[in-house]
Amino acid sequence: MIVLYDVPSDVPQPWAPNIWRIRLILNYKRLPYRTCWVEFPDIEQTLRSISAPPTSVRSDGRQVYTLPAILDPIHLSHQPVVLSNPNTIAEYLECTYPARQVFPEGSRALQSLFVHYISEIFVKPLLPIMVPLSHQRLPERSQTHFPARSPGPLSLPWEREQVWKAVQDQFNFLAGVLEKNSGVDGDGVVVMGHELTYADFAVCSVLIWIEKVAPHEGWARVRQWNGGRWGRLWERCQGYMDVF
C-alpha cells in the first residue's frame, strides 16, 4: 500500500494544496494508500529515514525536505520507490499506474506549464491571507517551528478586501482562459475540455485550501465568482476528496 506523507492540522481534513494534488490523483486512480501524518519539525528527519530525495537544494548546498512525499512498495522483493516533489510524484503515478489517465497523450508539457502557472503566479495574491490563517491551523509544536509573521497592513478590513480583489483578478483571468473550452471543445469547467486531469487537481487543491482554512472569508465568495465556475469544479472533484 502506498504511503502519503502529509501535515496534521486542527481542521477536520487536511489543507495543504501541494499534498492535495497527490491525494486527488491517488483517489482518482483508485489506488490504495494510507496517510502518515508528520509535523513540520519532523519532516526532514522522517524523509531522511525513508531515503527520500530532497525536494530542492539551496544555493549554499543545503538540502531542503518538504511534503508531499510518497513511499510505494510496488515490488515487495525490491526496495520501495520513495519520491518527493508533487510534480515528480504525479508523473511517477501516471507512468506506474496508467489506468484513469491524468496526463492524456500529448498533454504532459502543457499541463506542466499550466501547473507551474498555478503554483508560481495564480496563488501569489492569496499568500498574505492564507499563510497566516494556515499557520493558525497547525498544531502548537509546528506553530513554534514556524513563528507567525505579523499580519501588518492586512489587519484592517478594507486592506484585506484589496487583497481579495487581487485574488479575484487572478480567478477572472483563469476563468476567461477556461471559457475557451465551452461548447464543442468542452464543458468550460475542466482544463482539458471534458475529463479531469492533473491540471484540474492543481486548481482544485487551491480551492480546497481556501475552503478548509478560510471557509467564511474566502470560500463563501470564491465559490460564487465567475458564475459559480469554481464551485462546479470543486463539485467535479468532490468524489476524489477522501482521506485514508
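These figures come from a predicted structure and were not determined experimentally. We're numbering straight along the sequence, starting at 1.
Counting only heavy atoms from C-beta outward, the side chains of Leu93 and Ile70 approach each other to under 4.5 Å.
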With side chain to side chain contact (heavy atoms under 4.5 Å, CB included) as the criterion, how do Met241 and Trp20 come out once you've worked through the C-alpha distance, each side chain's angles and the decisive distance to 0.1 Å?
CA-CA 8 Å; Met241 294 183 190; Trp20 262 111; 4.0 Å; yes
task = Report the C-alpha separation of Arg23 and Asp6 in whole Å, then their side-chain angles, then the decisive distance to 0.1 Å, and conclude whether the salt bridge (charged side-chain N to carboxylate O under 4.0 Å, His left out) test is met.
result = CA-CA 10 Å; Arg23 179 175 280 106; Asp6 197 352; 3.1 Å; yes
Please list every donor-acceptor pair under 3.5 Å in which a side-chain atom of residues 188-203 meets a protein atom from a residue at least two apart or in another chain.
| from | atom 1 | to | atom 2 | distance (Å) |
| --- | --- | --- | --- | --- |
| Thr197 | OG1 | Gln111 | OE1 | 3.3 |
| Thr197 | OG1 | Asp200 | OD2 | 3.3 |
| Tyr198 | OH | Arg21 | NH1 | 2.8 |
| Tyr198 | OH | Asn87 | OD1 | 2.6 |
| Asp200 | OD1 | Val191 | N | 2.7 |
| Asp200 | OD2 | Thr197 | N | 2.9 |

If you look only at distance, which donor and acceptor atoms sit under 3.5 Å apart when one is on a side chain in residues 168-175 and the other is two or more places apart or in another chain?
| from | atom 1 | to | atom 2 | distance (Å) |
| --- | --- | --- | --- | --- |
| Asp169 | OD1 | Lys165 | NZ | 2.8 |
| Gln170 | OE1 | Tyr117 | OH | 3.2 |
| Asn172 | OD1 | Asn226 | ND2 | 2.9 |
| Asn172 | ND2 | Gln168 | O | 3.4 |

Below 3.5 Å, can you tabulate the donor-acceptor pairs from side chains in residues 123-131 to any protein atom, sequence neighbours excluded?
none

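Taking a cutoff of 4.0 Å between a charged side-chain nitrogen and a carboxylate oxygen, Asp60 and Arg62 qualify as a salt bridge.
Once rounded to the nearest 0.5 Å, the distance linking CG of Leu113 with CD1 of Ile118 reads 10.5 Å. Annotation: the span from His145 atom NE2 to His135 atom NE2 amounts to 10.0 Å, rounded to 0.5 Å.
The hydrophobic clustering, which links ILVMFWY residues whose side-chain heavy atoms are closer than 4.5 Å, places Trp209 and Ile121 together. The cluster map of Ile, Leu, Val, Met, Phe, Trp and Tyr, joined by side-chain heavy atoms under 4.5 Å apart, puts Val7 and Val64 in different clusters.
Ring planes of Trp225 and Trp164: perpendicular class, angle over 60° (limits at 30 and 60°).
Side chain of Thr55 to backbone of Ser84: no donor-acceptor contact under 3.5 angstrom is found.
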